[in-house]
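Structure first, commentary second.
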Amino acid sequence: MDFVAGAIGGVCGVAVGYPLDTVKVKIQTEPRYTGIWHCVWDTYRRERVRGFYRGLSLPVCTVSLVSSVSFGTYRHCLARICHLRYGSPDAKPAKTDITLSGFASGLVRVFLTSPTEVAKVRLQTQTQQRRPSASWPSAAPPLCPAPPAGSGPGPKYRGPLHCLATVAREEGLRGLYKGSSALLFRDGHSFATYFLSYTILCEQLTPAGHSQPDVLGVLVAGGCAGVLAWAVATPMDVIKSRLQADGQGQRRYRGLLHCMVTSVREEGPRVLFKGLTLNCCRAFPVNMVVFVAYEAVLRLLRGLSA
């Protein structure tokens, strides 16, 4: 039931948050953007609405599997830990048990998400130029003039599957798992934070005499859990995005540590928190939807199986 509920919740979440995810990746990987609204305007000016949904088809196809594995792994690990420590999988877990189960959930999903993250980032940072209709107010002039529409070669990647095939052909299997070390660091501790904060907030928001919070409580707990998880994940998310975008043209980074040191040296420590505001703004509504859908489907399935 947790695998099914997690799959449906994940699909609902990606449908809500993908446009802001595109803006986040562009800000993290392209220094020319001066802020969120500059990136939004420039993306719309060059590619219109379609530019915000580049690479969406692959996440939609895979997010149900990934979210299913995340929630299913979390619940399975938690049940096993409770069984070993307390003699029953239904025993109330300690905060340490929840943290370890969340950490395991984050590690498992890396093996599934790394290739799709590579394709998503490459497609999101691949732009098709349009003839400018207006200039961004008070923005710095572009380093190179944008060619008019249709005057240059077409995009390197025609879609998610073509992107994966191209990366595999040009960079081998290692190319599909580029940035996976940063992804491991990002998802491990962020999912530990995610599930722990959600559990604690649900306990605090549960009315007296009830075993579970109401819908409003789930909305608030899910949204806040998502914000806290992205707050701790953003530094490694920046490095992950840069490593995965690297390879379009001349490669700059030799690995995780080199990418981190180079980025901080060139742009200062603040570079590790690029996209933090956007991540948090996106995380609240996305994870509200994820957890409300997850809990609703779980209750429905339990009612049907009763």
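Given the structure is predicted, the values throughout are model-derived calculations rather than measurements.
Closest heavy-atom contact between R85 and D97: NH1-OD1, 2.5 Å. Residues P89 and H83 approach most closely at CD-ND1, 3.9 Å, considering heavy atoms. Contact between C163 and A119 at its shortest, heavy atoms only, is SG-CA, 3.7 Å. Between H162 and K156 the shortest heavy-atom distance is CE1-O, 3.1 Å. In plain terms, the two heavy atoms of P93 and L78 that are nearest each other are CB-CD1, 3.7 Å. In plain terms, the two heavy atoms of S105 and S70 that are nearest each other are OG-O, 2.8 Å.
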Going through the checks in order, is the side-chain contact (heavy atoms from CB on, under 4.5 Å) test met by H38 and K26? CA-CA 11 Å; H38 179 206; K26 284 175 174 286; over 6 Å; no

Hey, mind stepping through Y198 and F195 against ring-ring contact (aromatic ring centres under 6.0 Å, His included) and telling me if it holds? CA-CA 5 Å; Y198 177 73; F195 286 111; 7.8 Å; no

Output, in order, the C-alpha distance, side-chain angles, deciding distance and verdict of side-chain contact (heavy atoms from CB on, under 4.5 Å) for I81 and S101. CA-CA 8 Å; I81 290 173; S101 299; 3.6 Å; yes

Using side-chain contact (heavy atoms from CB on, under 4.5 Å), reason through S180 and L184 one step at a time and then give a plain yes or no. CA-CA 6 Å; S180 57; L184 280 168; 5.6 Å; no

Could you go through F103 and C77, starting from their C-alpha distance and side-chain angles, then the distance that decides it, and tell me whether this counts as side-chain contact (heavy atoms from CB on, under 4.5 Å)? CA-CA 10 Å; F103 189 81; C77 287; over 6 Å; no

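In this structure, D214 contributes its side chain and G217 its backbone to a donor-acceptor pair below 3.5 Å. In this structure, D237 contributes its side chain and A233 its backbone to no donor-acceptor pair below 3.5 Å. Between the side chain of T116 and the backbone N or O of T113, at least one donor-acceptor pair lies under 3.5 Å.
More than 12 heavy atoms of other residues, nucleotides or ligands sit less than 6.0 Å from atom CZ of F284. The number of heavy-atom neighbours closer than 6.0 Å to CZ of F111, taken from other residues, nucleotides and ligands shown, is 12 or below. Atom NE2 of H76 has 12 or fewer neighbouring heavy atoms from other residues, nucleotides or ligands inside a 6.0 Å radius.
The closest side-chain heavy-atom distance from K240 to V121 is below 4.5 Å. Proximity of H258 to V261: side-chain heavy atoms (C-beta onward) are nowhere separated by under 4.5 Å.
Taking CZ of R254 as the reference point, atom OG1 of T262 lies at 7.0 Å (rounded to 0.5 Å). Of the inter-residue distances, the one linking K274 atom NZ with S263 atom OG reads 9.0 Å to the nearest 0.5 angstrom.
A side chain to side chain contact (heavy atoms under 4.5 Å, CB included) with L196 holds for exactly one of L201, L100, I98, L228; it is I98.
The cluster map of Ile, Leu, Val, Met, Phe, Trp and Tyr, joined by side-chain heavy atoms under 4.5 Å apart, puts W230 and L107 in different clusters. Under the 4.5 Å side-chain contact rule for hydrophobic residues, F185 and F273 share a cluster. Side-chain heavy atoms closer than 4.5 Å link hydrophobic residues (I, L, V, M, F, W, Y) into clusters, and following such links, possibly through other members, connects L276 to V271. The hydrophobic clustering, which links ILVMFWY residues whose side-chain heavy atoms are closer than 4.5 Å, places V215 and V297 together. Linking Ile, Leu, Val, Met, Phe, Trp and Tyr whenever their side-chain heavy atoms come within less than 4.5 Å leaves V227 and L205 in two separate clusters.
The aromatic rings of Y194 and F191 sit perpendicular to each other, their planes meeting at more than 60°, with 30° as the lower class boundary.
Annotation: salt bridge (charged side-chain N to carboxylate O under 4.0 Å, His left out) contacts involving residues 280-294, sequence neighbours excluded, comprise D21-R282. Residue pairs meeting the salt bridge (charged side-chain N to carboxylate O under 4.0 Å, His left out) criterion with at least one member in residues 215-225: none, sequence neighbours excluded.
Ion pair R122/E170 not flagged as a salt bridge, since none of the NZ, NE, NH1 or NH2 atoms sits closer than 4.0 Å to an Asp/Glu carboxylate oxygen. Between E267 and R242 there is a salt bridge, since at least one side-chain N of the basic residue sits less than 4.0 Å from a carboxylate O of the acidic one.
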